[in-house]
Structures are given as structure tokens and as C-alpha cells.
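Indexing begins at 1, ligand by ligand and atom by atom, following the structure's order. In what follows, residues are counted from 1 in the order of the sequence shown.
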Amino acid sequence: MAPMRTSAAEKAHVTNYDIAPGVSAALKNFVLPEKLGFGLVAAPVMFSAEWADGAWGRGRLIPYGPIEMLPGARALQYGELVFEGLKAYRVGAAEPNLFRAGENYKRLARSAQRLSMSPVPEALFFEAIGAVVGSCHRLIPRESGRSLYLRPFLCGTEAGYLLRNSTTFRFMVIANPVEIYSSGPMRVAIERDDVRAAVGGVGTAKASANYAASLRASNAAVARGLTVALWLDARDQRYIQELSGMNIFAVIDGELHTPALDGAILPGITRDSLITLARSLGFKVHERQMDLNELLAQISSGRCSEVFACGTAAILSPIGLMSDKDQREYVPARIDVVAATLREALLAIQERRAPDPFGWTRAVSPLAI
Ligand code: COI
């Protein structure tokens with residue numbers, strides 16, 4: 001039976017949260033290291049709220065650290081976990097800002113719905129983000145390309161092996177000051193055996209299960225000296241879907257092409273933003289079914305001049321090479337030309353260094369904790 005969901009519970013949610021002892025000291029004692037990596041450095045605080053007896057309890061801002069969970073929790077046993085990734089910036093303005101955070105909220109709600117988990121009320125989502133970003137405002141890097149990566153997640157905490165949803169949930173926001181996700185052009189391994197997601201499955205949800213499904217191919221790619229796996233559709237193993245954790249674009253005859261959302265691809269917010277931004281800059285953008293073999297032929301003939309990846313973590317990362325299962329390599333003629341133009345245009349908006357004609361950014365109030 002699906003867990004009880006009542007809008008009354010959402011309405012009853014109190015938009016205040018508690019601040020645990022130790023939060024102030026954790027924030028005060030935190031020193032931002034020079035080398036950040038991506039997820040190596042944890043912000044000193046995190047937000048947690050729990051759903052039980054049909055209602056969300058009061059949220060808490062707590063020092064970052066291990067959490068307790070029953071070993072039989074469905075999040076651990078059955079992967080009942082959905083998450084988001086978004087960034088807070090502090091480059092162009094002293095106060096922090098978010099980028100299209102409402103889209104992250106909507107996607108988390110859709111992901112929770114796909115796994116029939118209790119939804120997180122929008123007010124709770126933004127309360128949590130506001131608490132973490134607001135309290136950490138001083139440690140958000142100010143250099144372009146660096147930011148505070150936010151990882152909200154919702155997981156089922158009830159122990160039990162019956163294949164049904166948990167009746168208790170935990171919603172958390174953890175954060176990491178980060179630098180750029182990938183260094184240098186990516187070397188792509190075309191994955192022709194494993195499947196990441198099929199239409200009707202959970203590919204369009206940001207569910208941890210999708211990322212688990214991609215790990216074997218990621219390891220195999222790294223073992224071949226490559227960076228990331230490229231996924232094909234589950235039915236025909238022919239049409240391009242996405243890279244592990246990123247969407248993909250190709251420049252063909254000077255126009256942008258990206259796989260249309262096929263019911264298994266994750267609808268990336270960076271992907272969506274790029275489509276809008278590129279069109280506003282005069283590029284023609286096509287969302288269509290993309291045959292991998294056709295793209296490889298277009299790279300070989302030079303019609304496809306450039307390929308790149310995009311995502312919250314990746315921003316826009318150039319692809320330097322695509323390697324097939326038979327070890328044949330396809331090298332686009334240009335690396336990071338159109339991608340560089342679009343990356344700078346997007347980052348300038350995200351970082352509030354340029355006007356935001358789309359209304360994509362919103363400020364977060366710094367908190368004096
Ligand atoms: C993100 O870009 O936010 C993701 O979740 C991708 C992950 C591989 C870091």
C-alpha cells in the first residue's frame with residue numbers, strides 16, 4: 001500500500017526549523033580548503049526533517065556528520081531514494097543565489113511520485129535550502145566555476161522486506177563547496193551492453209538506482225583510460241540517451257542536436273536551460289531521436305564538428321573522443337568552441353555576472369548563525 005499523503009500535512013508544516021547545538025561552532029571552525037574536488041569537502045551543516053504518522057516533523061539544521069538508519073531501511077534494502085543536485089553561487093554578488101531551484105523542486109516531486117514516496121512540500125524544500133545556503137554563505141567560493149553544490153534527498157527509513165513503500169521518510173539537504181566536475185575534455189566510452197534505463201522504468205526520475213546501474217560501465221570506461229559511459233536506448237541499443245550523470249549535445253552543420261526526452265532520459269535542467277539560451281543566441285536547436293551510428297559517421301566526415309556534455313555538476317564539458325566497443329575512436333574536429341561560448345553565457349547568468357533575461361536566478365538571504 002502506498003504511504004498516506006495528505007495535503008493537510010503539507011499545510012500543517014511549520015516554516016520554522018530548529019538549529020541544533022554545535023551548528024554555530026561547526027560553521028565558525030570550518031576552513032575552506034584550496035582543493036575542493038567534487039564532493040570531497042563537506043559543508044559543516046546539513047538539514048534534516050522526518051515524515052512519520054502522516055506528517056512532516058519540524059526540520060533541524062544540524063552539524064554535518066553520520067546519520068543513524070536502521071539496517072533494514074527500505075532506502076538501503078530497496079533503493080527507495082531520490083535526490084537532486086543544484087548549486088548556490090556567490091561570484092557576481094555578495095549574497096548567494098540559486099539557479100532555477102524551482103525546477104529542482106518540481107523534479108524531486110516527480111521523482112518521489114515515480115517511486116510513490118511521500119512528497120516533500122515545496123515550503124520545506126526551500127526552507128532547507130535557505131537554511132543550508134544562508135548559514136554557509138561565507139564559505140561559498142567566490143571564483144567563477146566554483147560554487148556550493150546542494151544535494152537534497154528523500155529516502156524511506158522504515159525497516160522491512162515487504163515490497164511496499166516505507167511509511168517513514170527522511171528529507172535531507174547536504175552540501176559541498178565544489179570546483180568544476182571534470183578536468184579537461186571527456187573521453188567517452190560507448191556502452192553497447194549494459195542498459196541504464198528503459199522506457200517505463202525509473203530513468204526519468206533522479207533515483208539512486210539509475211546511478212547504481214551505471215557504475216559497472218563507469219568502471220569499465222575508467223579501466224580503458226576513458227572518462228564516462230554513453231548510454232543507448234534499452235530496446236534497440238541504437239539511439240543515444242545520455243552520458244552517466246550528464247546530457248549530451250552535438251554540433252552538426254553548425255546546429256545543435258540533443259536526444260529528445262524519450263521517457264528514459266533524465267530531463268536535465270542544464271539541458272533545458274541550454275536549449276533556451278542557445279536559441280536566444282541564434283542557434284538552431286533540434287531535440288530528436290539520435291542514431292549513434294549516424295553521429296559517429298558525421299564525426300568521421302566532419303559534419304559533426306563538436307560534441308559536449310552538460311549537467312549541474314558538469315556545467316558544459318567538452319568531449320574530446322568517443323570510443324566504441326571495438327576500440328574504434330571518433331575524434332570531433334573541434335573541442336570546446338561552441339561549448340565554450342555557451343558555457344560562458346550560461347555561467348555568467350548562473351553566477352549573476354550578466355543580466356538574467358529568463359528570470360532563472362534568485363537570491364538567498366545570508367543567515368547570521
Ligand atoms: C548533477 O549534475 O547534479 C548530478 O547529479 C550528476 C552527478 C554525476 C554528480
Checklist entry - Passes side-chain contact (heavy atoms from CB on, under 4.5 Å), Arg343 versus Ile180? Steps please. => result CA-CA 12 Å; Arg343 181 171 58 249; Ile180 284 170; 5.9 Å; no
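Among pairs with a residue in residues 60-92, those fulfilling ring pair (Phe, Tyr, Trp, His ring centres under 6.0 Å) read Phe83-Tyr211, at least two apart in sequence or across chains. The list of ring pair (Phe, Tyr, Trp, His ring centres under 6.0 Å) pairs with a residue in residues 273-321, not counting sequence neighbours, reads Phe249-Phe308, His257-His286. The ring pair (Phe, Tyr, Trp, His ring centres under 6.0 Å) pairs that include a residue from residues 330-362 are Phe99-Trp360, Phe358-Trp360, where partners are two or more places apart or lie in different chains.
Look at Arg303 and Asp253 and you find a salt bridge, because one of the NZ, NE, NH1 or NH2 atoms lies within 4.0 Å of a carboxylate O, short of that distance.
Within 4.0 Å of ligand 1, protein heavy atoms belong to Phe83, Gly85, Tyr149, Arg151, Tyr181, Lys206, Gly245, Thr312, Ala313, listed by chain and number.
Looking at heavy atoms from C-beta onward, Leu261 lies out of side-chain contact with Thr204 at the 4.5 angstrom threshold.
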